[in-house]
There are 2 protein chains.
Amino acid sequence: MTYEEFKEKVGSVILTDEGNCPVTPVVQMLQGKWKLQILYELCIKCPMRFGELKKMLKPITNTALTNALKELEADDLIQRIQYNEMPLRVEYSLTLKGQDLLPVFYSIMQWGIKYIP
Amino acid sequence: MTYEEFKEKVGSVILTDEGNCPVTPVVQMLQGKWKLQILYELCIKCPMRFGELKKMLKPITNTALTNALKELEADDLIQRIQYNEMPLRVEYSLTLKGQDLLPVFYSIMQWGIKYIP
DNA sequence: CTGGATCCTTTTAGATACTG
DNA sequence: CAGTATCTAAAAGGATCCAG
């Protein structure tokens with residue numbers, strides 16, 4: 001896509017909400033130190049358990065992981081399922097909405113490959 | 001792109017850096033309350049002057065705008081050109097690297113259109 | 001006009017200990 | 001195992017005043 005094409009599309013499609021950036025709210029939703037990494041892990045393996053995620057995101061604390069997971073669930077990007085076994089088991093997985101972020105991740109990744117050494 | 005396709009591509013292409021999310025560093029770079037909005041404004045109109053940007057991002061303060069612009073420039077996403085006229089004029093524009101974010105913005109936008117009411 | 005400098009408030013993240 | 005609760009540290013953001 002060229003610069004002019006973008007201007008044209010954005011200008012007509014969604015620049016209606018008082019000139020605000022249509023990208024910002026989405027990125028706000030993904031902000032925080034851990035959310036994207038969690039989503040990424042769930043892209044690679046899904047579902048995953050709490051402890052499994054914690055191990056992958058190594059230096060993360062319980063508090064941080066819990067908070068991030070809660071916010072992602074509140075935004076309906078991931079789903080939490082609790083199995084009342086002994087010991088307790090909880091599994092997190094991407095929702096359809098969350099899976100729909102894959103193309104976004106991929107385009108970001110393509111940019112990163114080009115520009116991040 | 002499907003879930004499986006993503007896994008395959010990501011797994012082979014870039015999952016080399018110790019399992020860390022390849023998307024995160026890019027998003028880190030775009031984090032902060034104002035950076036994306038600035039880039040977006042520059043997508044719509046480029047170049048723009050300091051005061052012009054300030055007007056578009058209405059409640060922003062000088063400090064916040066200055067800081068965001070500096071960081072964007074440090075990441076080589078925008079370019080600052082100063083004209084020593086009287087009164088002083090400074091123009092900001094997207095670099096090629098910055099313009100290359102357009103497809104990313106567009107894919108985020110598509111997602112937003114689908115899921116944000 | 002385009003910021004710099006300073007101070008202050010708010011938000012976010014980390015450490016530690018504890019529970020069903 | 002999967003969290004909660006509480007506290008502290010750090011970072012981000014805002015307000016105000018000043019300068020080339």
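Throughout, a chain's letter reflects where its sequence line sits, starting with A, and its residues are numbered from 1. Owing to the predicted nature of the structure, the values given are computational and were not obtained by experimental measurement.
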Check: Step by step, would you call D76(B) with Y115(A) a side chain to side chain contact (heavy atoms under 4.5 Å, CB included)?
Finding: CA-CA 10 Å; D76(B) 195 30; Y115(A) 288 109; over 6 Å; no
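- Distance, W34(B) CH2 to dG3(C) C1': 17 Å, rounded to whole Å.
- A 4.5 Å side-chain heavy-atom check between I116(A) and M29(B) finds every atom pair outside the cut-off.
- Per the geometry, CD belonging to Q82(B) stands 10 Å off P belonging to dG4(C), to the nearest Å.
- Separating the CG atom of L65(A) from the C1' atom of dA15(C) is a distance of 16 Å, rounded to the nearest angstrom.
- If you find the closest nucleotide of DNA chain C to R49(B) and to T66(B), the one lying nearer the 5' end belongs to R49(B).
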Next item on the list: Step by step, work out the side chain to side chain contact (heavy atoms under 4.5 Å, CB included) result for F105(B) and L39(B).
Entry: CA-CA 10 Å; F105(B) 288 170; L39(B) 290 174; 3.9 Å; yes
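- Residue K33(A) contributes atom NZ, which lies 8 Å from atom P of dA13(C) at whole-angstrom precision.
- The side chain of N62(B) lies closest to dG3(C) when the candidates are dG4(C), dG3(C), dC1(C).
- Between the CD1 atom of I60(A) and the P atom of dA15(C) there is a distance of 12 Å, rounded to whole Å.
- The nearest whole Å value for the distance from the CZ atom in F50(A) to the P atom in dG20(C) is 17 Å.
- Between atom CG of residue L57(A) and atom OH of residue Y40(A) there is a gap of 12.0 Å, rounded to the nearest 0.5 Å.
- Side chain of P87(B), nearest nucleotide from dA5(C), dC1(C), dG3(C): dC1(C).
- Residue R80(B) has a polar side-chain atom (N or O) positioned under 4.0 Å from OP1 or OP2 of dG3(C).
- Note that the first and last nucleotides of DNA chain D, 5' to 3', having any atom under 4.0 angstrom from a heavy atom of chain A are dC1(D) to dA5(D).
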Next item on the list: Any chance you could lay out the side chain to side chain contact (heavy atoms under 4.5 Å, CB included) test for L88(A) and N84(A), step after step, and finish with the verdict?
Entry: CA-CA 6 Å; L88(A) 183 57; N84(A) 287 318; 3.8 Å; yes
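- Between L69(A) and R80(A) the shortest side-chain heavy-atom distance does not fall below 4.5 Å.
- In this entry the distance linking NZ of K70(A) with P of dT12(C) reads 16 Å, nearest Å.
- Here Y92(A) lies in heavy-atom contact (under 4.0 Å) with sugar-phosphate atoms only.
- Residue whose closest nucleotide on DNA chain D sits further toward the 5' end, between E91(A) and T61(B): E91(A).
- In the interface, the side chain of T63(B) is paired with the base of dA5(C) through a donor and an acceptor atom under 3.5 Å apart.
- Note on K54(B): every side-chain N or O is 4.0 Å or more away from OP1 and OP2 of dC1(C).
- Here CG of L53(B) is found 4.5 Å from CE of M48(B). Values are rounded to the nearest 0.5 Å.
- Rounded to 10°, the angle separating the first-five-pair axis and the last-five-pair axis of the helix from dC1(C)-dG20(D) to dG20(C)-dC1(D) equals 50°.
- Taking 4.5 Å as the limit, some side-chain heavy atom of L30(A) sits within range of a side-chain heavy atom of L101(A).
- Proximity of a side-chain donor or acceptor of K33(B) to a complementary backbone N or O of I60(B) within less than 3.5 Å is not detected.
- Side chains of W111(B) and D100(A) form a contact here, defined as non-hydrogen atoms less than 4.5 Å apart.
- Straight-line distance from the CG atom of N67(B) to the P atom of dA5(C): 11 Å, rounded to whole Å.
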